[in-house]
Every structure is written in structure tokens, then in C-alpha cells.
Amino acid sequence: MKHGFPIASTLIVFVAAAYFLVPLYATFQFSLQMKRGELSLASYASVLASADFINTLSYSAIASFAAILFGAILVVPTAYWVRLKLQKLRPAVEFLSLLPLIIPPVVLVFGHIRLFGSSSILPLTMTSTGTDILLIVGYVVLSLPYMFRAVDNGMAAIDIATLTEAAESLGASRLRTIVEIIFPNVRSAIVAGAFLTFSISLGEFVLASLLNRPAFGPYMVQLGEDRAYEPAALAILSFALTWILMLLMQLFATRKPNQRLLPRFGTGQSRKLAP
Amino acid sequence: MKHGFPIASTLIVFVAAAYFLVPLYATFQFSLQMKRGELSLASYASVLASADFINTLSYSAIASFAAILFGAILVVPTAYWVRLKLQKLRPAVEFLSLLPLIIPPVVLVFGHIRLFGSSSILPLTMTSTGTDILLIVGYVVLSLPYMFRAVDNGMAAIDIATLTEAAESLGASRLRTIVEIIFPNVRSAIVAGAFLTFSISLGEFVLASLLNRPAFGPYMVQLGEDRAYEPAALAILSFALTWILMLLMQLFATRKPNQRLLPRFGTGQSRKLAP
Amino acid sequence: MSFLDLHAINKSFGPNTVVKDFNLSLARGKFVSFLGPSGCGKTTVLRIIAGFENPSSGTIHIDGQDVTGLTASQRKIGMVFQAYALFPNMNAAGNVGFGLKVAGASRDEIEARVAEMLKLVGLLGFEKRFPFELSGGQQQRVALARAIAPRPRMLLLDEPLSALDAKIRVSLRAQIREIQRELGITTVFVTHDQEEALSVSDDIVVMHAGLIEQHGNPFDIYNRPATPFVADFIGQLNTLHAEVAEPSRNMVRIGAAELNVPSLPAIARAGDRVALKLRPESMRLANGHDRGIALSGHVAHASFLGSVVRLGIDLGGGDVVKLDSFNDRQTLPPEVGAPLTITFLVDDIVSTQMANQQRSA
Amino acid sequence: MSFLDLHAINKSFGPNTVVKDFNLSLARGKFVSFLGPSGCGKTTVLRIIAGFENPSSGTIHIDGQDVTGLTASQRKIGMVFQAYALFPNMNAAGNVGFGLKVAGASRDEIEARVAEMLKLVGLLGFEKRFPFELSGGQQQRVALARAIAPRPRMLLLDEPLSALDAKIRVSLRAQIREIQRELGITTVFVTHDQEEALSVSDDIVVMHAGLIEQHGNPFDIYNRPATPFVADFIGQLNTLHAEVAEPSRNMVRIGAAELNVPSLPAIARAGDRVALKLRPESMRLANGHDRGIALSGHVAHASFLGSVVRLGIDLGGGDVVKLDSFNDRQTLPPEVGAPLTITFLVDDIVSTQMANQQRSA
């Protein structure tokens, strides 16, 4: 247990980190080279001046927030009740929450276009608002695995069933228990899930493109095919935007004691080394 | 704790299930309607007869398997060493493993095209093999969050550090420990991660499209734009394929006692109800 | 009239019946323990009293009121959980005051009561601490304060000490008992630890496989077990084999000695082998002030446990009995193989069983 | 010559020194326990012996060989872990045979040794069971068999019993000791449970804050504690306050009684208050065969613990002493408030301290 391994594995971690950071840096560097022979922010100016940028970004941001809201409203009570009362349904629910990773999004889109198309009883695809709703629902579905995992693990960290019983034995109603006990204790988990939902929705291409919505993902891909330097600037901008948002969300969630900066998927057990 | 809630939440679970299953069924139903007025498998015949279907599918399958292989080789030792020796690096590694969810794939692609483009020292994008490698690496990266989580949780379930010490105190070398103790105990976790990697890679569109590879995702989207019934058949086929593969992988992993059918991301603690 | 009345409670989870025809009457202000191995149904009964589980059949009355149909939040019963179950998002004062806030008490009233409760559990000054800033023992004391703050009609304790260290466990159980006496609150305490149950309870209900085996005070439970299960489960038992001499006069023979035992199984005939059951502490080393029956043997094993020295004494014929004696600073424990004589009184025989029914203690 | 030699071992994790100048010589075939509260460094020393941690400085010799630079896999030391650490993918036979397989033993040889080892731990017939099909106690017995199967030079046990139930803990510790005696294997046992250490060890090393407080046999550790920490940590202590009468003759006064104590702190002057420390079991209720010093008081509290009745006796002047006596089936424990007289011998005084240095026992 003593020889060399820390060096080898530290190296692996650094290589893995480099794998993300070097392309990011390369992209950033390239985005500064729009004017030949000098470093400038010209590509950023070009992107920010474009009406399409503002429009698609705000469209996607609004759709993402809507998806976060609906996702949380769907996931928090479901996860709570499954933990509390439906332990037997857990495997089924866990499985459902992974389905969006397993079913290719294309299948979902085809299914929805069929279900809500011109000949259906709920012809959502015929109106712009209807299609928007389909897109948001699609984002909710895509983010389900992350949202459910984050909230469910947040609930696993505190013993939700016993806390509920404790609140009840003190006379609290179910609503009061959810509002005063459950929600405050999974708030940071919801924020973690929301952050991932936002990241995924903002860059999403297939759904938005097939539903023909003016979203940020298709805009980025379109620009990538048409221009040289602007896409790089755009990539950096979207990256920065995502991070700023994450920091804001963290600040919002900061009141709770003992929270984590990063979203938590697993058990994250740490091993006791010293006696 | 007694009134009505099970009904409400059971309902939610069924609605959520319906959300996935109804579109799937609608897609399936539509795929049978190619011949007007009768149900037939004509659309499936049409898809299966297409050379593009076979070619793109096998291309994507091969790329996915390569991604699984490289992913496992990268993730298993890293997760092992991090758990064993680098507990302090855990937060960093956990964060890294989530980066692919946070960084839009578009950024990665731009970065790679820059790094490995015509003017770089490693001009991978100039050759077909080079681009294939980039695609596979991209798939590895995209599947990293799932692969790492699955393997890491598999290792959390068994106490990897103490098992390693036990093997060492019995005289086993590090290699022998990994081969005879660690690998057999995380095999089903690797299979779970592999399954998700395969699902994601098979349907992936953005990377394959931007790198201009003849993959299954772009083929599906293309067909969706060109034809009416075949895309539905294709979606059903890819869904079925994914599941058949999952079952095969499960069979392969079945020897281990006490395994789970579904990939496991979280703690999945179950609560003791009776005394 | 009794304060808590459980009448004919049954509870099944699917095909498993975990509580069978459970009847209990408890007077106001009493401290009763449910004691039994895990799976005996003790926690289920507690959860039925609390309202967290519905009985499959039967009724629960508290202070004359039928509460069987009430939800947990309507029953006014304080509960303390094994895992503390403090609300992580509230500090100690917030936790203790939660029940009063729910009941609509005024701010001043809550503040005064919180201070009173924290003082009672010895945590005055800890109001602002969050659960993660408290030790396990402190958390459980806050949980106790929280449970009694809204002046519940009863207090239920579900293995409240089993997550704690041994020393804290002992001091907290005494503190719980003291507070219970001070408030005079009727209390049900669930535990699998016999010493815990024996030391704090007015009454003990020993349960096994969903049934009540015995209900009595600690001294009787230990010294006059009603069933072989209770005798075996509580404390340790030595087995001495004897031969029935005269069944009609309850006379048995051990080696050359004849003795008159308190009772014999009805089926015992002269010449049958019977097993006499005695507690290890009923046996003494012969020391000049001899009493009762004396038997000779030699030391088979000796363990020094600190305050107690535990000897295994081989009496021949396959009987090795345990004997506990207090440590004496001046005397080393005897060596293995040393010969010695033990004595006991026939009155100390807890029960006499047919030898083939013998269980290991 | 000693078999295990630890010389001047130090170990720091970053700025924390967890083991300080640890020296130990252990004869072949001995069973030694490291006993101390959590964080005292006992597990770290064990892990240093095993080769899982490197000492910051110092050397380790086993059977004359310097093993300080060897990896764990080269040291030939068997180890049993608190969490069993059986390989989940192998059945009992696979686990027990793993060390032999690594060492290159033949198939027949492995099979024979596995059977021998499983028989030794009482699990013959369990070869095909996987760890998840075994109870905790069975798993730990398989782990023990696995550790000793390759005939290691030493056996290390890292709190092997603390995950088990109380009854299994007691029976397994006896079994471990028996097997250790049978094989004559030098063994180091780490525990925080004093009764466990006292009952199984030849020698005990009491540790505190990285240092050895005392190294001796169980009887001496308990009855002649070398430091106040050991006196306090092992067992319980009563405190009796007395006034120094004649420092030169070690005479103190309690109420009207004068007594000659074994020793007095050097700084004690006539009129100073000192605290006499005694074990609860050294005190007896006066019963006609009186001995030594007698003091009168009344019962402050009484706990019936089963085999033992624990009384708190208020002697006035703020002294409440604990007194343990064995349960007697014929006699109810005394009521609170009942007057009684206790006796003790001056030889039973464990130590005498200045009253202001007093600690709670």
C-alpha cells in the first residue's frame, strides 16, 4: 500500500481534468482571435449584438425555469411519498426515473408528435404555445433522472420517515410537515437538481430542433455551421452563464447549515482512516 | 399517516409511467400503419432493408463498445484509487465526473475541433480514423457521470479499502487483489454503467453530427425529417435493441450473488418498518 | 381505573402476524418497559399506541378516551426515537418549541417553556445549537425535551439509548427515569436490553413472538420468571443435573447429597434425571459461613471481568456451572484446575425441568 | 528474547501526532490487548504492526526480523477486521483458502487446511455458504479462520467483536481466546471495551492520547492503576472525602472515625481535605461479620440490574457512594431513604488524591 500509487492516480485525475479544461481553454483562446494578429473580444461583441442570441437564450432560459418548476413540483412530493409509504414501489420508481436515459429522446419526440399531432384529441403541436408546453414537458422528462436522484438522495441523507413521524407526534399536519420540515431540509438537493436541469435544457438540441422551437441549442449548432469565431465565443458565454447561475442558486440555498457546494448523486461515504 | 395518500401517490406513479409508456405505445401503433387501412410490419421491413440502417447501427454499436471499454479502463482503477488512497481528492473527482453534464457538448466539440484540427500538432480531424477516435473519446466523456457513479457506488456497497487490506494481509499482490477481489465485486456495477453508456452513445446526435460521422443518431434524425412511418419503426427497433442488450449484459453478470436488475445510482436505503 | 388500556390488539403485515391478542392496562404515572428480542413485536405495539400503525383489530384507550381512530397528530403523545429525529433545519430551541408552535402557543409562552424544558434536561444555554453541533447524548436530551414540551398525555420511548455509548447510556437512562418521576408522566419504554429495562421500570412486559410472556415488576421478572423463555432470556442460568429420589416429597439426589427442591415436574418419576436451574450469583464459594447445599469441583475456566470474577466450575458428571464473585484487591482469581467447593440454597432454585428439556443458558 | 518488538514508534497524520514514542516488547504466544477510548491511537499502532500504515519514525521487529520496510503482504501477519471484510464473491471455503492459494499451496492441501480451520471455529459444513448467507458471528468466525489458515506469525484483531450482539460477543471472545491458546499464536487485540480486554488478555496496554498509560496484567490494571486516567477509565470509582489528621502517619479522619490510609499525597497538610477512591464492589453492607471501617448513611437511589443490585448511599457531607451487591431471590432491594451501614477495608483504597483534584468517577 505504499509505493507509487498516489503519483499514478494523481496523474490520472490531472489528465482527466485536462481533458475538460484544455479544450475549454483552446475554445476561449480561439474566441479571442477573430481579428487577425491580435487578441480581441470582437467575436463576443458580434454574438451579443445578435438579436437571435438574446431571443433564443431568453426563450431557453424561460423554458428551463419552467421545466425546473414543474420538475420540482412533480419530483419532491413523489420522492417523499415513495420514501414514506411506497417502499415497495421504489424499484419501479427508480427504474422510471432512469428511463429518459435509456429511451432515446427521438422516441419520445415521435411519440409526442403522434399523440399531440394534428389528428389527436389534444393537438398541442398545432399551436406555438402547445409546442412550447411539449418542449417544457420534454425538458422535465430529460432532467428527471437527475432531479429525482438529487432529491431522493437529499431525502436519504435525513431520515424523512422518522422526521415525519416526529412532526406528527407533535401535532403537525401533513402540509405543515412538508412546508416546515421536509422542504427546508431538501432545499439544497432541489437546487442541485435544478442546476443540472438548467444545464441540460440550455444546451439541448434534439428536442428543440425536432419540435422546431427557437431555442438556444439549435441556435448554437446553426451558428457552428455558419460561422468560425462566434461559436467559440458562444460556447464560452453559455459556459460562463451556467456557472453564474449555479453560484446564484447556491447563494439562495446557503442558509441551511452543513450543505455541499456540489450536487450529490451518490453516498459519498468517506472512510475513517485514523483510529 | 393513514388517509388517502397511498392512492394519490400511486396515481402519480402511474401517470409518470404513462408519460413514458403511452408515447411508446403510440409510436409502436403508428409504426404499424404504413399500409393504409391495415396493420403491418411494412415500415420495419423498409427500415431493415436499408443499407444505411445496418451501416450506421453497426458503426454506432462498435463506437459504443469501444467507449464502454475505454470508459471502464479509465473509471475502474480511478474510482478504486480515489477510494483507497485519495479521499481528499474525492470532491474534485466527483465534480469532474459531473462536468460532462454541465459543459454543453457543443463546447467540447468546438474545443476538440480546435485542438485536433488541421493546424494542431495532433490533426486527428483530418483522417477518418482520427475523427472516430474523437467520437469515441466524446462518448467516454458523455458517459463518465454514469459510469463513474455506477462503479463508485458499486465500490461503496462493498468496503473496498478493508477488502484490499484483508487481501494484502493474506499475501496477495495489488494486481491479484484487483483481479480476484475488486473486479468480481463491481462487475454488475460496471455492467450497469456500460448499459447506460451504450444507451446514450447509440442515440447521441450532437457529437456525431458535428464530427460528421455516419452514426445511428444522425441517421434517425435524418430519417425523421424525410419519412413518415419508418422513423417510428426505427425508434421502436432501437428501443428493443437497447433492452435486448441490457438483458444479455445482465445474464453475463448474473453469477454474482445478491445483485440488482437495475443500475443503481443512489443509496437506495430501505426503511425497516416492522419492529 | 387504568390510564392506558390496550384491548385485544392484533397486527399483521401481510401474512405475518407480529402482535397477537395483546392486552395491557397501565395505571397513570407508571413507567413500563416492553422487553424482548428483535422481532418480538414490541416496537409494533409502541407504534400502534403512537398512531403510526393501525392495529388489525383491537382498541386503544387513553385516559378513558378511545383513540383507536385518531391520527398520530391528534393523540397528544410525546415520542422519542432511537435515531433522535431532531429537525436538522432548526436549532435546539426551534426543535423543543415546534410542538407548542403547532399548538398555537404565544411567542413568550414558547420561549418560557423551551427554557424550562432545556433546563430540565440539563441543556440550558444550548438553545442556539443545531443538531449537528450536539453530541448523540445531547441530541437525545433535546429530543426528550421536545417530546414533553407540549405536555403530552403519555411519553413513548423507542429504544432511545441504543445509539449511544455505554457510559452515556447508563447516565441518560437514570436521567430519563428521574424526569419521568418528576413529571409523573405515564411512559412506555421499548428496549431489547434487559439491564436497561430492569433498572428503570416500574413494570416490565416481556414479549416473544408477538405474545406477552410475562408482565410484572423487575424483581419478579428476574427472580420468578413465569415461562422458560423469560428464565432463559433474562440473565443467565446454571444447570445442575440431579436424579429424582422421591417424587412425592420433591426429593432429588446429587451425588451423595439429597435435597428437597421447591417443585418437580408432574411427570417426574423416581430415577429420572432432572435439571435444576440457578442464577450464577446464587452460588457462593464455601468460606466457613457455609449454608445450604455444598458441592465440590474444580475450576474449569476463570475470567477476570473487573468488578466481577466469573468462574466456570466443573462439578463432574458433565455439569460446569458459572459462579460470579466480586473482585477482591487482595486475592488473585483462582487458577484453572484448583479444587473448590460451592454452596447454594434450595430456595435459590429458579425452576426444575426434565433433563431432556434442558436448554443452554 | 521478545517475539514482537516495537521501538520508539511515532505516527503523525499531518499536524496531529496520534502515537507518541510507543515501545512494546511481547513474548511469543502472548495475548495482549490495546485498550483505550476512541482516538487514543490503539488502532493506528495495530495498523502499523500490520503494515497498513508507515510509522513516522521507529522500528518493528517480529521474531528478530526487522519488518519496518516490508509491505503488509510480505509480513505474514493474520488480521481480523471489525467489519469482517470477507470477500463477498467467495464462499466460506474460498475465503479461508485464499491466503493458501496466494501462497501457492496445492488444491488438496488447501482443501484439508480449510476443513481443519472451519472445524476449529465450529463451522464445518458451512464451506459453500456465501458471506451474505452467514450471521455476523459466523462471518467473524470465518474471518478468523481465514486469518489463521496460512499459518501467520502473528494474529491482529481490530475490535473484532464490536459489530456483534452482546451474547455473541461474550461467547466469541471466549472462543477466540481458546483458539489462540490452542495454536499458541502471538496475538494483539484492539478494543475499547474494558470487560473484553480484562477477560481475555494475558497483558493489557492502556493507551490515552497516543501514549501508553500502563502495561500490565488485567488484575493489576484493575486493582493497581498506575495513573489517575487508568483508575478512572477502567471500572468505576467511589469518592469518600476525608480530612487529613496526621500527614506523617497517613492518618485521616472521616466524621468521628480515624483511619490509616496506605498513602497520602506529599503536599497534604493536617486539615486538608482529601478524596479516597474505592471500587463500588469493595464496599459491603454491614451484616454482622463486620470488618474494617463502618460508615452510616441512607439509600439515595437503588437500581435492580438483575444479578446485581446497585445502591447509591448518601453518607452525608455530599458523598454519595455506589455499592454493588448480588441479587438475593429472598430479599427485595432496600427502599430509597432506608438507613444502612457500609463497611470497607483501608487496603481497598485504590488511591488518595487532594480533594480539589477530584474527578467524577
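The figures here come from the full heavy-atom set of this structure, side chains too, leaving out hydrogens, waters and symmetry mates. Convention: sequence-line order gives letters A, B, ...; per-chain numbering from 1.
- Summarising the geometry of A:Glu165 relative to C:Phe81, their closest heavy-atom pair is OE1-CE2, 3.6 Å, with the distance given to 0.1 Å.
- Taking CG of A:Leu170 as the reference point, atom CD1 of C:Ile77 lies at 12.0 Å (rounded to 0.5 Å).
- In this structure, chain A has heavy atoms under 4.5 Å from both the backbone and the side chain of C:Lys101.
- Contact between C:Pro88 and A:Ile158 at its shortest, heavy atoms only, is CG-CG2, 3.7 Å.
- Using a 4.5 Å cut-off between heavy atoms, C:Leu156 makes no contact with chain A at all.
- The structure places CE of C:Met90 at 3.5 Å from CD1 of A:Ile181, a figure rounded to the nearest 0.5 Å.
- Annotation: the span from A:Ser169 atom OG to C:Lys76 atom NZ amounts to 13.5 Å, rounded to 0.5 Å.
- Residues C:Ala85 and A:Thr162 come closest through the heavy atom pair CB-CG2, 3.5 Å.
- No more than 12 heavy-atom neighbours from other residues, nucleotides or ligands sit within 6.0 angstrom of NE2 on C:His7.
- Within a 6.0 Å radius of CD in C:Glu111, other residues, nucleotides and ligands contribute 12 heavy atoms or fewer.
- Annotation: A:Phe70, atom CZ; neighbour count of heavy atoms from other residues, nucleotides and ligands within 6.0 Å does not exceed 12.
- For the atom pair CG (A:Leu163) and OH (C:Tyr84), the distance works out to 14.0 Å, reported to the nearest 0.5 Å.
- Between C:Asn89 and A:Glu180, the shortest heavy-atom contact is ND2-O, 3.0 Å.
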